[in-house]
Amino acid sequence: MLITKTFHDVSSKLDNGRPIRIFVVSPVVPNYPQAKFPGVVCFSEIYQVTGPVERFAGQIASQGFVVACPSSYHEFEGPEAIPYDNEGGIGTRQAPSYRDDLHSHLLLCQIEKSVAAYDEDCTLSVDLLVSLPNCNGRIAATGMCLGGHLAFRAAFDPRVLSSVCFFATDVHSATLGKGKNDDSLARVHKGDMTGKGELVMIFGKQDTHVPREGRDLIRKTVEDANVLCSFLEVQAQHAFIRDESSKGRWDAALTRSLFTFMMEVFERTIGRDLGPRVDKGEKVEHVC
């Protein structure tokens, strides 16, 4: 399916005068100008909408979904992608109010952006999708690294019918955003995700950012809260789906397999209108 790319600059209450740019990748079916598609919010890693993120979004869009990619650090940065240069050298961007060391600048963005601001970005992205004439209003979310955590939090929004989260960081440690005291797992424990959309958590077993203890905590918390969740642990490191500057971690074959898995979830949850989920509490029959 063909795709087109555009963007929308959207104002917010928490933007310090700087709107958020949301990139939109849309499918196009020639001779069907009124076609409508489900929507997906695709949250990026800390480097904003880089080439790998844009290509990932494009692949989703080519399957028949309108994809919105928000620029996470619009309060501090322009909408452009931030270079993959965190080796301790000087970054290629210059911002007079911050240190030239790019990695330190990214850390500053992470420290200064509040959880409420991240949540507002999600709300604005979903709002934008449902307002688009080519979107049918059925919404899912996905993301990688930081974006995986944001896709996880998107599952609190009842409009988001499924979230597929790739190697979500900081969920287990509750260290997202300003003050590093986010309430993601606390809200799950309270039941804020129960009875809402379907959740998929995907981690590499060699991911040094989310150790086994952290993965176990996430799995236990969502399962104890009766969240409809699939939990996948694969033989991979962090950032294994990044096809650029992955530092030797990219696994193309595994990425393709998990992309297919994600598409099954999206096709089932937002590609078709099955009506509301009704859990009758029926026990699974033990048969051979």
Side-chain angles (χ1 to χ4, degrees), residues 23 40-57 59-60 67-74 76-77 80-87 91 102-113 115 117-119 121-122 125 140-155 163-178 180 182 184-185 199-212 214-215 217-218 231-234 236-252 254-255 258-259 261-262:
F23 296 90
V40 176
V41 183
C42 180
F43 296 99
S44 69
E45 51 199 349
I46 61 174
Y47 303 96
Q48 300 204 119
V49 186
T50 60
V53 174
E54 184 177 337
R55 288 189 288 274
F56 185 67
Q59 292 179 53
I60 297 172
V67 185
C69 301
S71 300
S72 292
Y73 292 135
H74 57 99
F76 316 102
E77 277 280 340
E80 301 83 12
I82 299 172
Y84 288 119
D85 178 12
N86 63 348
E87 298 292 341
L102 181 59
H103 189 49
S104 296
H105 176 47
L106 286 172
L107 291 175
L108 180 61
C109 292
Q110 290 180 280
I111 291 170
E112 290 300 316
K113 188 176 179 82
V115 172
Y118 282 120
D119 289 345
D121 291 350
C122 175
S125 298
T142 188
M144 57 190 78
C145 193
L146 164 70
H149 193 158
L150 301 183
F152 181 89
R153 290 188 68 85
S163 290
V164 179
C165 313
F166 288 89
F167 39 88
T169 54
D170 300 330
V171 177
H172 69 288
S173 56
T175 52
L176 175 70
K178 191 171 185 177
K180 293 189 175 183
D182 78 80
S184 296
L185 288 185
L199 180 69
V200 178
M201 304 298 293
I202 301 173
F203 291 103
K205 299 192 82 168
Q206 288 81 46
D207 190 338
T208 58
H209 294 258
V210 189
R212 177 180 174 181
R215 302 194 303 271
L217 175 62
I218 296 169
F231 202 99
L232 282 68
E233 293 179 290
V234 296
Q237 299 180 54
H238 191 72
F240 67 87
I241 67 173
R242 187 200 295 166
D243 63 3
E244 178 184 329
S245 300
S246 70
K247 302 178 178 65
R249 297 172 294 181
W250 178 39
D251 189 324
L254 185 57
T255 298
L258 292 172
F259 184 86
F261 183 91
M262 178 177 68

Go through the steps to decide whether Tyr84 and Glu45 satisfy the test side chain to side chain donor-acceptor pair (under 3.5 Å), and finish with yes or no.
CA-CA 11 Å; Tyr84 288 119; Glu45 51 199 349; 2.3 Å; yes

Got a donor-acceptor contact below 3.5 angstrom from the Asp251 side chain to the Phe240 backbone?
no

Using the rule given for side chain to side chain contact (heavy atoms under 4.5 Å, CB included), can you reason through Met144 versus Val53, listing the C-alpha separation, both sets of side-chain angles and the distance that settles it, and then say yes or no?
CA-CA 9 Å; Met144 57 190 78; Val53 174; 4.1 Å; yes

Regarding Lys113 and the six-membered ring of Tyr118, is the cationic atom NZ or CZ under 6.0 Å from the ring centre and inside 45° of its axis?
yes

Against Phe203, only a single residue in Phe231, Phe166, Phe152, Phe167 fulfils ring pair (Phe, Tyr, Trp, His ring centres under 6.0 Å); can you say which?
Phe231

Side-chain H-bond candidate by donor/acceptor type, His149 with Ser184, under 3.5 Å:
yes

Closer than 3.5 angstrom, by distance alone: can the side chain of Ser125 be matched with the main-chain N or O of Pro70 as a donor-acceptor pair?
no

For Asp170 and Ser173, indicate whether the former's side chain and the latter's backbone hold a donor-acceptor pair under 3.5 Å.
no

Taking the side chain as C-beta and beyond, is there a heavy-atom pair between Thr169 and Asp207 under 4.5 Å?
no

Would you check if the side chain of Gln48 reaches a backbone N or O of Tyr73 as a donor-acceptor pair within less than 3.5 Å?
yes

For a 4.5 angstrom cut-off between non-hydrogen side-chain atoms, does Thr255 reach Phe56?
no

Asp121 and His74, any side-chain heavy atoms less than 4.5 Å apart:
yes

Report yes or no: does Arg242 contribute a side-chain atom to a donor-acceptor pair with the main-chain N or O of Ser245 at less than 3.5 Å?
yes

Check for a donor-acceptor pair, side chain of Thr142 on one end and backbone N or O of Val164 on the other, with a separation under 3.5 Å.
yes

Check Glu233 with Arg212, please: is the shortest side-chain N to carboxylate O separation under 4.0 Å?
no

